[in-house]
Amino acid sequence: MTLFAIVQRQFFQNGSCVQTRPILPTPLFSVLLGLVIWGTGTAISQPVNAETPETAPANVTNLLTQIDDAANRQDVEAVMGFYSSNFTNSDGLNHQTLKQVLKDFWNKYSRLNYRTQLQSWQQNGGVLTTTTVTEITGTKTINNREFTLTSTLTSQQQIEDGKIVQQEILAEKNKLTLGNQPPTVVFNVPQEVKIGQEYAVDAIVQEPLNEEILIGTAITEPVTAKAYTQEGLLQLEFLPSGGIFKVGQAPNTSGDNWVSAILMRQGGVTLVTQRLRVVK
């Protein structure tokens, strides 16, 4: 997990930083449910000759419904029954690691709801390609404090003989809040940048702060299978303005990164995460 360089410099310059454990392990989001895309309001290019949801055969819509039902029951064996033993995805997960991540995630969230919508589908011989939209909401309680999760995933998956064999995450947005009055945050991060390109990261608090103190930080980290289960310490800085305004720089290699911002005020905490695709 890497702090933006500009944030790190400020820590050492003014010495006013706070160390606290993150609200949750580094993002557990892209794999909340493997066959789904949760719409982000951003246009996603569809495969050539892709069919519309209205023309989808019953076996496609039934598959999505069955996976939703199994996920809402938190029945990990039933969910994994829809995945090939040779399953792979763009984050480096396989059948075994996906199963473990789902178990860990569901152990933390006692109340979850999955709702999936099909965006497009395409049949090419024995391979079915689907693009879907899934909305995931949930709550968890730690030390009598309730956290609320809303998550958005956009993905595309290939299905053979009724089993998911491959998946690519196309887009992702997540929000976790705590408290009676967590900050309302508008998070502006590009969905895609080129390698080495600079980009703006703005996490803007909508409510007036008046005399309240606002603290927080922004971080970026590469998306890897290992990152799903890692934890670490976050250094939080005092924010003189109503949010976080940073400039990040994309790495010199292509791949996906999580960009996150955490903001804390007297009434609560908001953590937002968005996936940033780095392309050549």
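Only this structure's heavy atoms are used, side chains among them; waters, hydrogens and symmetry mates stay out.
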Novice: Is Q274 reaching over with its side chain to a backbone N or O of V259, donor-acceptor style, under 3.5 angstrom?
Specialist: no
Novice: Could you check I215, L236, L214, I204 and say which one makes a side chain to side chain contact (heavy atoms under 4.5 Å, CB included) with L263?
Specialist: L214
Novice: N72 versus N113: any side-chain heavy-atom pair under 4.5 Å?
Specialist: yes
Novice: Ignoring hydrogens and geometry beyond distance, is a side-chain donor-acceptor pair present between D104 and Q100 at under 3.5 Å?
Specialist: yes
Novice: Under 4.5 Å between side-chain heavy atoms, hopping through other hydrophobics if needed: is there a path connecting F238 to I262?
Specialist: yes
Novice: Might you work through the side chain to side chain contact (heavy atoms under 4.5 Å, CB included) test for K194 and K280, ending with a clear yes or no?
Specialist: CA-CA 5 Å; K194 294 188 179 297; K280 294 181 179 180; over 6 Å; no
Novice: State, to 0.1 Å, how close L178 and E146 come at their nearest heavy-atom pair, and which atoms those are.
Specialist: CD1-O, 3.4 Å
Novice: Is it the case that one hydrophobic cluster holds both L271 and I213, taking links as side-chain heavy atoms less than 4.5 Å apart, direct or via other members?
Specialist: yes
Novice: Pairing donors with acceptors under 3.5 angstrom, does anything connect the side chains of T184 and E207?
Specialist: yes
Novice: Would you check if L276 and V193 make a side-chain contact, meaning some heavy-atom pair closer than 4.5 Å?
Specialist: yes
Novice: Hey, are T129 and Q122 close enough side-chain-wise for a donor-acceptor pair under 3.5 Å?
Specialist: no
Novice: Is the closest basic N to carboxylate O distance between E168 and R277 below 4.0 Å?
Specialist: yes
Novice: Do the side chains of L112 and Q74 get nearer than 4.5 Å, heavy atoms only?
Specialist: yes
Novice: Hey, could you give me the OG1/CZ distance between T137 and R115, rounded to the nearest 0.5 Å?
Specialist: 9.0 Å
Novice: Between E198 and K246, is there a side-chain N and carboxylate O pair less than 4.0 Å apart?
Specialist: no
Novice: Quick one: closest heavy-atom pair of T270 and P182, and the distance?
Specialist: OG1-CB, 3.5 Å
Novice: Is there side-chain contact between T141 and F147, with heavy atoms separated by less than 4.5 Å?
Specialist: no
Novice: Is it the case that the side chains of E172 and W258 hold a donor-acceptor pair, with the cut-off being a distance below 3.5 Å and no angle test?
Specialist: yes
Novice: Considering non-hydrogen atoms only, spot the tightest contact between A70 and V79 and give its length.
Specialist: CB-CG2, 3.6 Å
Novice: Is there a side-chain contact between F87 and V165 (heavy atoms, below 4.5 Å)?
Specialist: no
Novice: Answer with yes or no whether the side chains of D68 and T116 bring together a donor and an acceptor at under 3.5 Å.
Specialist: yes
Novice: Applying side chain to side chain contact (heavy atoms under 4.5 Å, CB included) between V278 and each of D256, I195, T253, report the one that passes.
Specialist: I195
Novice: Is any side-chain heavy atom of L64 closer than 4.5 Å to one of L118?
Specialist: yes
Novice: What's the verdict on side chain to side chain contact (heavy atoms under 4.5 Å, CB included) for V201 and F187, showing C-alpha distance, side-chain angles and the deciding distance?
Specialist: CA-CA 8 Å; V201 176; F187 195 37; 3.8 Å; yes
Novice: Between L149 and T139, is any pair of side-chain heavy atoms under 4.5 Å apart?
Specialist: no
Novice: Evaluate side chain to side chain contact (heavy atoms under 4.5 Å, CB included) for Y199 paired with T220, printing each intermediate quantity in order.
Specialist: CA-CA 12 Å; Y199 58 93; T220 182; 4.1 Å; yes
Novice: Is N89 reaching over with its side chain to a backbone N or O of G92, donor-acceptor style, under 3.5 angstrom?
Specialist: yes
Novice: Quick one about T52 and W121 (side-chain donor to acceptor, distance below 3.5 Å, no hydrogens or angles considered), yes or no?
Specialist: no
Novice: For N257 and P251, work out which heavy atoms get closest and say how close.
Specialist: ND2-CG, 4.0 Å
Novice: Indicate whether any N or O donor in one side chain lies under 3.5 Å from an N or O acceptor in the other, for T88 and Q166.
Specialist: no
Novice: To the nearest 0.5 Å, tell me how far S85 OG sits from M80 CE.
Specialist: 10.0 Å
